[in-house]
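Single-structure report; data block below.
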Amino acid sequence: LEPSNLLVIADSRASCRERFISFPPAHKKETIEHLSLSLECEIDGDYFDAPDLVNYLEKGVKPFKQAIPSHPEDYLLLSNTISLGGVFLLDYLSKNGYRVDYIANFFTAKTDIQSLVDKKPLAVLISSTFLNVRQLIEIIQFLEECGRGIPIIVGGQLIDYLAHFQQYTFQFNKKIFENVIFVWEAKGEKTLLSLLQALKKGISPDNIPNLIYFKEGNYYQTGKITEDQDIDHHIISWDQIAEEHLRNYVPVQTSAGCPFNCTFCTFSKLHRKINLKTVDTLEKELSLIAKRSKVKHVMLVDDLVAISRSRLKEIAGIMEKNDFPFTWSALLRSDSIVDRDTAKLLKRSGLSLASLGIESFDQGILDNMKKRTTPANHFRAIELLKNEEIFVNGFFILGFPGETRETIEKTTRGIIQSGIDLCEIQLWINLPGAPIYNSKTYNLKGGYTDWKHSTMNSLQCMQYMVEMFKEIPAQFGITDGNMLPLVMLQAAGYSNRQIKKLYQTRSSLVMNQFKLKQGDLTKARFNREKNKLLQDLETILH
Ligand code: B12
Ligand code: SF4
């Protein structure tokens, strides 16, 4: 019998700027978004992420909105990234006897989908990890228009999160989700295989655990059984993945779960169990990647890479021993980099970008967050990494309960003093499922980006963020939302000096926008400065 074919859709991101709309509309949305926009770089009516500026200067193109170039690989595009969940499904299902058509990004591949749906696949699978509800609905509605009746199966992180904390979403959207089967499981691959078998045989999935769907018009949920497979159970055959699905960087997971319980983070509730890949498995997987000459960089995507100092050394040791032909990056806690030997090992191992979860330089805020670290740890890690010329990017949260103008100023001073290369500064998002959510201690009210507590509200916080930007423009990442642009730039061969110049230029352009609005710059002078800044950047990029 011919194996059945499946269509997998993995992502739908179009730009860094989408992160604000990832969350439900806030009461003060207009104003918060307005303030957020004031931190973005606008040229002739278009908003430019850092990679957009490179595309503009090197290829002469403006940010792509709806139209996507026919050779997306020639540009730095957030819509042309690679997501691990999608590649995992592609590889896993192929090895389990299915023929899989793969769409890495719905946004860029809408035109291909119709012909793939015309092939009448057994099912269309959507990975929700990098989707928000709006994007998910858009994909489902599009599929319904393309080919009514083909089962749609949705699994991945968004579903796990919504089912845990916001079950109403499914019931609410009955009309839209009527023909959809949701897999509610942090992993879900076992459930998926059983479900596909049932679809093949044309039998009811009622006895398969971890499913949510509408049955005879009513919301129906089968039993819940946590899948217990080890993280080592499946190694992606990176040497077999079609070239078109690879990028010059690839995501790799070395572990699942986090032993910490920071009060702003949902991971501690969603991914309690710690599961570490063995050295053998990790080495094997990285060796398969090393066979692909296209790959220049490996981005570790664990919740927390290196849950301990010894684990960090173990991972770096594998990289060093094998002398892989790629650099790597990771999200790290600063308290895992405490001495010169570790920093030197990281350098030798090829670590080119360290993203540190710093959050704040104020001890009181770190304590409120139960971050279990100190500003001294942050300063030390930054210094050690910078001494080795590893690019250091810091993640900061602004507005957590206890935050005041003074604590924000302390963080600002800490950023300047530390000399950190770049900061990703985010408004605190009060997420359902995080330990702090619903806390009564701080008089906390509201959720997502619309909150208030005893010392601040989200609107004031955004105003402070704008002030903060003016103090530290050169280090301020400006709402890019994540470290992906840095990974893309490094993988494309840009040096740390070029990357810093890119962000500095972007900041100077934004600073001039403020001056223009305040009347401190004339339009003519603003344009002259803009051209000069872009020219200087172009020279350094070449
Ligand atoms: C790595 C990562 C990133 C990287 C992405 C790099 C990349 N290109 O891959 C970066 C740092 C860029 C990033 C950014 C953001 N991220 Co992020 N990120 C993650 C993280 C830590 C890992 C994702 C991953 O690859 N996991 C490994 C893969 C293998 O796991 P998986 O996708 O879950 O797939 C498994 C199963 O779910 C299952 N599965 C997957 N799909 C399907 C489909 C079906 C049908 C079935 C049955 C099973 C199934 O199979 C896989 C194997 O078990 C997750 C948290 C987490 N632990 O997953 C957050 C997470 C995905 N990110 C999240 C968020 C919110 C963001 C940001 C919006 C943050 C922000 N405020 O800026 C931005 C997005 C910006 C943008 N414009 O896109 C949320 C998403 C929640 C949601 N969808 O609503 C998560 C879940 C974290 C959280 N709990 O808050 N992120
Ligand atoms: S913020 Fe980082 S260290 Fe803290 S619980 Fe979340 S993943 Fe773990």
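Every number for a ligand or one of its atoms is a count from 1 in the order of the listing. One-based numbering along the sequence shown. Computation of the quantities below employed the complete heavy-atom set of this structure, encompassing side-chain atoms and omitting hydrogens, waters and symmetry-equivalent molecules.
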Next on the checklist: With no hydrogens and no angle check, just 3.5 Å: does a side-chain donor-acceptor pair link H234 and E189?
Outcome noted: no
Item to check | Distance filter under 4.0 Å to V183 heavy atoms, resulting ligand 1 atoms | outcome: 47 (C)
Next on the checklist: Looking only at protein heavy atoms, which one is nearest to atom 6 (Fe) of ligand 2, and what is the separation?
Outcome noted: C265 SG, 2.4 Å
Next on the checklist: Do the side chains of E359 and K371 get close enough for a salt bridge, i.e. N-O under 4.0 angstrom?
Outcome noted: yes
Checklist entry - Under 3.5 Å, is there a donor-acceptor pair linking the side chains of D362 and T407? => result no
Next on the checklist: Looking at F260, I'd like to know if the NZ or CZ of R333 sits under 6.0 Å from its six-membered ring centre while staying within 45 degrees of the ring's axis.
Outcome noted: yes
Checklist entry - Taking the minimum heavy-atom distance to atom 38 (C) of ligand 1, which of E189, R247, K187 ranks first? => result K187
Checklist entry - How far apart are the closest heavy atoms of S12 and F106, and which atoms are they? => result OG-CD2, 3.7 Å
Checklist entry - Considering distance alone, does some N or O of Q253 sit under 3.5 Å from an N or O of ligand 1? => result no
Checklist outcome for this item: Closest to atom 22 (C) of ligand 1 (heavy atoms only, candidates V301, I429, V124) is V301
Next on the checklist: Can you check which of L136, T129, L125 brings a heavy atom nearest to atom 81 (C) of ligand 1?
Outcome noted: T129
Checklist entry - In the protein, what heavy atom is nearest to atom 1 (S) of ligand 2, and what distance, to one decimal place, separates them? => result F264 CZ, 3.6 Å
Item to check | Steps toward side chain to side chain contact (heavy atoms under 4.5 Å, CB included) verdict (M465, L35) | outcome: CA-CA 9 Å; M465 196 189 292; L35 285 167; over 6 Å; no
Checklist entry - Would F267 count as a contact of ligand 1 if the rule is a heavy atom under 4.0 Å away? => result yes
Checklist entry - So does K190 pair up with E185, basic N to acidic O under 4.0 Å? => result no
Checklist entry - Of the listed options (S12, A123, G155), which comes nearest to atom 42 (C) of ligand 1 when hydrogens are ignored and any heavy atom counts? => result G155
Item to check | Contacting atoms of ligand 2, where contact means under 4.0 angstrom from a heavy atom of D303 | outcome: 7 (S)
Next on the checklist: Would F361 and F379 count as a ring pair (Phe, Tyr, Trp, His ring centres under 6.0 Å) here? Give the steps.
Outcome noted: CA-CA 9 Å; F361 274 113; F379 284 120; 4.6 Å; yes
Item to check | D239 bridged to R292 by N-O distance under 4.0 Å | outcome: no
Checklist entry - In terms of side-chain geometry, is the basic nitrogen of D302 or R311 positioned less than 4.0 Å from the acidic oxygen of its partner? => result no
Checklist entry - Can you tell me the protein heavy atom closest to atom 2 (Fe) of ligand 2 and the distance? => result K371 NZ, 4.3 Å
Checklist entry - Any N or O on Q157 sitting closer than 3.5 Å to an N or O of ligand 1? => result yes
Item to check | T266-ligand 1 polar pair, N/O distance under 3.5 Å | outcome: yes
Item to check | Residue pair T281, I231: steps toward the side chain to side chain contact (heavy atoms under 4.5 Å, CB included) verdict | outcome: CA-CA 9 Å; T281 309; I231 193 168; over 6 Å; no
Next on the checklist: Go through it in stages, so that I can follow the logic: the residues are E73 and R247, the test is salt bridge (charged side-chain N to carboxylate O under 4.0 Å, His left out), and I'd like the CA-CA distance, side-chain angles, deciding distance and then a yes or no.
Outcome noted: CA-CA 8 Å; E73 64 282 2; R247 299 292 177 266; over 6 Å; no
Checklist entry - Contact between M299 and ligand 1, counting heavy atoms under 4.0 Å? => result yes
Checklist entry - Which atoms of ligand 2 are found less than 4.0 Å from any heavy atom of F267? => result 7 (S)
Checklist entry - Taking both backbone and side chain into account, is any N, O or S atom of C262 nearer than 2.8 Å to atom 4 (Fe) of ligand 2? => result yes
Checklist outcome for this item: For S128, the ligand 1 atoms with a heavy-atom partner under 4.0 Å come out as 83 (N)
Next on the checklist: Which label fits Y213 and Y220: parallel for a plane angle under 30°, tilted from 30 to 60°, or perpendicular past 60°?
Outcome noted: tilted
Next on the checklist: Within the structure provided, determine whether I153 and L6 are in side-chain contact (heavy-atom separation under 4.5 Å).
Outcome noted: no
Next on the checklist: If you measure every N or O of S127 against every N or O of ligand 1, does any of those distances drop under 3.5 Å?
Outcome noted: yes
Checklist entry - Are I126 and ligand 1 in contact, using a heavy-atom cut-off of under 4.0 Å? => result yes
Checklist entry - Is Q426 in contact with ligand 1, taking contact as a heavy-atom separation below 4.0 Å? => result yes
Item to check | Best match, P251, A186, G188, G156: closest heavy atom to atom 35 (C) of ligand 1 | outcome: A186
Checklist outcome for this item: Numbered in order shown, the ligand 2 atoms found under 4.0 Å of a heavy atom of R333 are 3 (S)
Checklist outcome for this item: D303 heavy atoms within 4.0 Å reach ligand 1 at atoms 55 (C), 56 (C), 57 (N)
Next on the checklist: For F130, state whether at least one heavy atom is located under 4.0 Å from any atom of ligand 1.
Outcome noted: yes
Checklist entry - Which atoms of ligand 1 sit under 4.0 Å from any heavy atom of L89? => result 41 (N), 42 (C), 43 (C)
Checklist entry - Stepwise, does the side chain to side chain contact (heavy atoms under 4.5 Å, CB included) test hold for L351 with T327? => result CA-CA 6 Å; L351 180 76; T327 52; over 6 Å; no
Next on the checklist: Would the distance check show the side chain of T374 and the main-chain N or O of N377 forming a donor-acceptor pair, the cut-off being under 3.5 Å?
Outcome noted: yes
Checklist entry - How about Y503 and P485: do any of their side-chain heavy atoms sit closer than 4.5 Å? => result yes
Item to check | Side chain, backbone, both or neither: the part of F260 lying under 4.0 Å from ligand 2 by heavy atom | outcome: both
Checklist entry - Taking the minimum heavy-atom distance to atom 84 (O) of ligand 1, which of L431, L158, V487, L162 ranks first? => result L158
Item to check | Nearest-neighbour protein heavy atom for atom 8 (Fe) of ligand 2, which is reported as residue plus atom name and distance | outcome: C258 SG, 2.2 Å
Next on the checklist: Looking at ligand 1, would N132 count as a contact under a 4.0 Å heavy-atom criterion?
Outcome noted: no
Checklist outcome for this item: Looking only at non-hydrogen atoms, the one of L84, I82, T449, T81 nearest atom 7 (C) of ligand 1 is I82
